[in-house]
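Data first, discussion second: the structure below is written as structure tokens.
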Amino acid sequence: MGSKTLPARKDGRVIIHFDYDCFYASVFEAKNPALKSLPLAVQQKQIIVTCNYEARRRGLHKLQLIKEAKKICPDVIIELGEDISPFRDASKELYNFVKAFSWNQRVERLGFDEIWMDTTDIVEYNLETLNRHDLENSFFQLSRDDPTAGFSFDASVLAGHKYPKDYIYPGNPDDVVDNLTFRLRLGSHLALYIRHQLEQQKGYTCTVGISTSKLLSKLVGNLNKPKGQTTLMPPLSQIDGQSNNNVIKFIDDHEVGKIPGIGFKLSQKLRDFYLGRPAEYDKGLIYGGRPEPVKVAELRNHPDVNPEMLEKLLAGPGSPHGIGYKIWCLLNGIDDTEVGQAKAVPSQISIEDSYIRLDTMPEVLRELETLAKSLIRRMHKDLVADDDDVIEEVQSETTTSSSLASKKWLAYPKTVRLSTRPRPALRPDGTRPRSFKRLSHSAPLPRFIFSLSTNIDSLADRLVNEVLIAMFRKLHPEKQGWNLSLVNLAVTNMAETAGVTKTASGRDISHMFKKQDDVLRDFRVTDFTPPPDSGSPRVEDLEEIDGGLDEHIEDKVYTEGDWDSEGDEDYEGRESLWADTGGIQSL
DNA sequence: CTGGGATAG
DNA sequence: ATTTCTATCCCAG
């Protein structure tokens with residue numbers, strides 16, 4: 001039977017999604033702050049991959065041709081962004097910075113510029129310690145161990161923007177706020193604080209979404225960029241039909257392909273179904289007109305659409321089991337996936353390059369050498385640490401200073417994988433079938449690669465001659481006739497060494513707390529005195545003013561000595577921020 | 001475990 | 001971001 005049942009929503013969580021503003025451009029700005037006020041674009045090949053907001057104000061945009069950009073904005077400053085290692089380094093540094101605020105270590109990175117953090121435990125703790133009778137003068141605890149670590153804030157309001165924009169609390173302003181609303185409110189203040197620290201300490205601004213799932217936090221953040229944060233307000237589940245359900249209201253006018261998890265293939269199938277005709281794509285349209293958009297609402301409300309039907313429509317060889325049900329959940333704004341635990345080492349490191357033409361063995365050898373060298377360098381960078389950075393029972397007591405520090409592998413990859421992408425042969429009619437399929441082959445990674453005293457060139461040389469050539473022959477037994485458009489080299493199957501744990505469980509926790517303390521030390525509020533009688537500057541107002549580009553977070557919010565009240569100006573909308581016990585009980 | 005596919009930025 | 005260069009998760013064998 002075509003049931004449209006859904007799982008109960010898991011709205012006990014508070015998840016924050018961070019997205020750094022124009023990340024590549026910000027990396028250059030962070031190194032050279034003078035660039036911040038100038039139009040700045042980052043170039044890869046002949047295009048601008050990203051540009052700062054000053055450049056956008058002057059009409060530049062992502063994926064624009066360099067020539068075009070220079071015509072529109074002759075004084076644009078162009079930085080080369082083809083070497084991505086500075087971006088990778090900055091990403092890692094910022095990730096570690098944000099991670100230091102986490103207690104449960106559920107901090108997951110997506111690409112270089114996005115992070116999810118599950119702050120449920122921190123929020124829950126603060127929910128318990130809060131004085132409900134003096135919300136305006138609240139103190140947010142950033143550490144369980146140190147009650148002085150934290151910041152003061154006004155818990156009677158939510159920080160930042162809300163969805164819907166004209167949100168009004170449906171309950172009685174004189175009563176106690178319901179727990180769901182309160183958790184989100186606490187999450188919003190934590191988000192604002194971390195954003196503030198990111199900007200002050202690291203020089204990066206970001207855009208943030210706050211909600212109860214990865215899906216919703218990521219999507220809702222898009223509403224106010226750059227330098228903004230948005231919280232998806234309750235009610236999140238149905239009470240009296242769908243009209244007052246903000247999840248449905250929010251997700252409904254997204255194009256299906258914009259939903260994370262619904263990628264190219266799935267949205268193609270869903271679109272074809274809804275439009276009632278087979279795919280009519282790729283008619284030589286390089287930069288072609290976008291296919292007609294299909295909205296989430298249109299699909300979900302279609303009489304034939306239900307989990308079983310979606311399963312039939314979308315399931316195929318290799319597709320995840322229960323895909324129909326999962327997509328149905330996404331169309332209803334439901335996503336129960338957990339924020340991943342922070343990992344000490346990546347599960348894979350890969351290097352690849354693409355080629356116009358690669359069809360002779362000597363060329364292949366040269367490329368394999370190049371890739372192997374890069375790969376080994378990456379392994380050293382990501383998998384090797386100073387000995388005294390690694391916690392080990394015996395060692396931590398014997399190691400003295402960092403001057404004697406030796407290097408140690410955090411993990412030994414067990415497998416090396418070689419992948420190629422053959423350029424498909426010409427068809428009889430002379431056209432070339434577009435294919436991006438890859439061939440791959442794996443083999444044990446030889447132990448010699450872990451020698452830290454041998455120079456990288458010789459290691460790469462041995463790897464190519466003793467392993468990679470044989471693997472290449474497996475993929476391409478013919479002497480010639482092939483033509484590769486891509487070669488990829490990867491190491492996988494990481495075996496972590498002692499002293500490094502995958503998760504934050506067990507004895508690694510002390511390591512994590514140490515890191516948190518390192519970060520907190522610099523901006524701990526030592527002698528907190530509540531403001532006389534108004535509140536701290538209202539984060540609400542600071543955000544809502546938001547003219548856009550030049551708006552920045554008031555840096556006085558969290559510092560001492562600034563509590564002399566400038567009185568209560570304009571508390572517009574205050575009543576709407578209070579809530580009652582009646583109405584909504586989320587759990 | 002291996003090899004391939006889908007998805008993401 | 002179907003283009004490039006990574007990375008992750010999932011499935012069948």
Side-chain angles (χ1 to χ4, degrees), chain A residues 17-20 22-24 44-50 62-63 65 81-85 87-88 91-92 95 108-116 214-215 218-219 222 256-269 279 281-288 290-291 314-323 326-327 330 337-341 343 345-356 371 374-375 378 382 414-421 423-424 432-445 471 474-475 485-495:
Chain A
H17 177 262
F18 298 85
D19 189 336
Y20 311 124
C22 45
F23 180 60
Y24 283 11
Q44 280 178 351
K45 303 291 166 68
Q46 284 316 302
I47 56 168
I48 288 175
V49 289
T50 194
K62 290 179 180 175
L63 307 183
L65 284 170
E82 288 177 16
D83 175 9
I84 60 172
S85 22
F87 308 137
R88 182 160 42 224
S91 173
K92 208 168 159 182
Y95 172 70
E108 182 180 346
R109 196 160 60 127
L110 180 58
F112 285 167
D113 69 340
E114 292 179 37
I115 295 176
W116 279 284
K214 289 172 69 178
L215 172 74
K218 178 177 164 107
L219 287 178
N222 290 330
V256 282
K258 295 280 171 55
I259 304 299
I262 303 183
F264 181 71
K265 301 277 189 182
L266 289 179
S267 55
Q268 190 82 281
K269 287 183 181 174
Y281 52 105
D282 98 293
K283 265 300 153 226
L285 293 173
I286 300 290
Y287 210 63
R290 306 251 41 80
L314 304 175
S319 67
H321 283 144
I323 177 115
K326 278 171 201 153
I327 297 303
L330 291 181
T337 60
E338 295 284 340
V339 175
Q341 289 272 353
K343 280 188 295 190
V345 296
S347 52
Q348 171 184 322
I349 298 173
S350 78
I351 304 285
E352 70 186 33
D353 207 345
S354 55
Y355 309 91
I356 306 293
L371 291 173
S374 307
L375 183 65
R378 276 292 305 285
D382 293 355
K414 295 198 286 281
T415 309
V416 57
R417 186 182 60 223
L418 176 66
S419 312
T420 64
R421 189 175 67 195
R423 207 177 302 281
R432 197 180 291 278
R434 264 165 58 89
S435 158
F436 295 92
K437 298 200 184 314
R438 293 174 177 213
L439 304 177
S440 77
H441 189 60
S442 307
L445 181 65
M471 294 174 72
K474 287 257 197 190
L475 292 174
S485 60
L486 175 143
V487 178
N488 173 298
L489 200 52
V491 287
T492 63
N493 290 337
M494 305 291 178

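Quick note on labels: first sequence line is chain A, next is B, and so on, each numbered from 1. None of these values were measured; they are calculated from a predicted model.
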Q) Under 3.5 Å, is there a donor-acceptor pair between the side chain of A/Glu108 and the main chain of A/Gly340? A) yes

Q.
Surrounding NZ of A/Lys258 (heavy atoms of other residues, nucleotides or ligands, distance under 6.0 Å), is the total greater than 12?
A. no

Q) Tell me: CZ of A/Phe436 to P of C/dC5, nearest whole Å? A) 12 Å

(Q) Under 4.0 Å, heavy atoms only, any strand: does A/Ile259 hit a base, just the sugar-phosphate, or nothing? (A) sugar-phosphate

Q) Taking OP1 and OP2 of C/dC5, is either one under 4.0 Å from a side-chain nitrogen or oxygen of A/Ser354? A) yes

(Q) Once you apply a heavy-atom cut-off of 4.0 Å, does A/Lys474 come out as touching a base, just sugar-phosphate, or nothing? (A) nothing

Q. Considering heavy-atom distances to DNA chain B, does A/Thr415 or A/Ser267 have its closest nucleotide positioned more toward the 5' end?
A. A/Thr415

Q: Return the value, rounded to whole Å, for the distance between atom CZ of A/Phe87 and atom P of C/dT6.
A: 13 Å

Q) What is the distance from CG of A/Asp83 to P of C/dT6, rounded to the nearest Å? A) 10 Å

**Q.** Sequence-aligned protein contact record of nucleotides 8-13 of chain C, with B where the base is within under 4.0 Å of a protein heavy atom and S where only the sugar-phosphate is
**A.** B-SSS-

Q: State whether A/Arg421 places a side-chain N or O below 4.0 Å from either non-bridging phosphate oxygen (OP1 or OP2) of C/dT4.
A: yes

Q. For the side chain of A/Glu82 and the backbone of A/Lys45, is there at least one donor-acceptor N/O pair under 3.5 Å apart?
A. yes

Q. Taking C-beta and beyond as the side chain, do A/Ser91 and A/Phe23 meet within less than 4.5 Å on heavy atoms?
A. yes

**Q.** Donor-acceptor contact present, side-chain A/Trp116 to main-chain A/Lys214, <3.5 Å
**A.** yes

Q: Return the value, rounded to whole Å, for the distance between atom CD of A/Glu82 and atom C1' of C/dT4.
A: 11 Å

Q: Could you list where the contact with chain A starts and ends along DNA chain B, reading 5' to 3', using a 4.0 Å heavy-atom cut-off?
A: B/dT2 to B/dG9

Q) Do A/Phe112 and A/Phe87 have ring centres separated by under 6.0 Å? A) no

**Q.** More than 12 heavy atoms from other groups under 6.0 Å of NZ on A/Lys414
**A.** yes

Q.
Taking any heavy-atom pair under 4.0 Å as a contact, classify A/Arg378: base, sugar-phosphate, or nothing.
A. sugar-phosphate

Q) Considering only the P atoms, how many Å lie between C/dT4 and B/dG3, rounded to the nearest integer? A) 24 Å

Q: Could you check how far CD of A/Gln268 sits from C1' of C/dT2, rounded to whole Å?
A: 10 Å

Q.
Just to be sure I understand the rule, does A/Lys437 reach a base, reach only the sugar-phosphate, or reach nothing, if contact means heavy atoms closer than 4.0 Å?
A. sugar-phosphate

Q.
My understanding is that only one of A/Arg421, A/Glu352, A/Arg417 makes a side-chain hydrogen bond (donor to acceptor under 3.5 Å, both in side chains) with A/Asn488; could you say which?
A. A/Glu352

(Q) If I take atom CG in residue A/Leu63 and atom P in nucleotide C/dT2, what distance separates them, rounded to the nearest angstrom? (A) 11 Å

Q | Distance in Å, A/Ile115 CD1 paired with A/Arg109 CZ, rounded so as to fall on 0.5 Å steps | A | 7.5 Å

Q: Report which part of the nucleic acid A/Asn488 touches: base, sugar-phosphate, or nothing (heavy-atom distance under 4.0 Å, all strands).
A: nothing

Q: Could you state the atom-to-atom distance from NZ of A/Lys265 to P of C/dT2 in whole Å?
A: 11 Å

(Q) Can you measure A/Glu114 atom CD to C/dT6 atom C1' for me and round it to whole angstrom units? (A) 14 Å

(Q) Taking only the C1' atom of each, what is the distance from C/dC9 to C/dT3 in whole angstrom? (A) 24 Å

Q) Which part of the nucleic acid, if any, lies within contact of A/Gly261, taking any heavy atom under 4.0 Å across all strands shown: a base, the sugar-phosphate backbone alone, or nothing? A) sugar-phosphate

Q) Heavy-atom distance under 4.5 Å between the side chains of A/Val487 and A/Asp353, does that happen here? A) no

Q. In terms of the nearest nucleotide of DNA chain C, which residue is placed more toward the 5' end: A/Val49 or A/Tyr355?
A. A/Val49

Q: Measure the shortest side-chain to side-chain distance between A/Pro260 and A/Leu219 over non-hydrogen atoms and say whether it is less than 4.5 angstrom.
A: yes

**Q.** Side chain of A/Phe264 (C-beta onward), nearest among C/dA7, C/dC5, C/dT2
**A.** C/dT2

**Q.** 5' precedence on DNA chain C between A/Gln44 and A/Ser350 (nearest-nucleotide basis)
**A.** A/Gln44

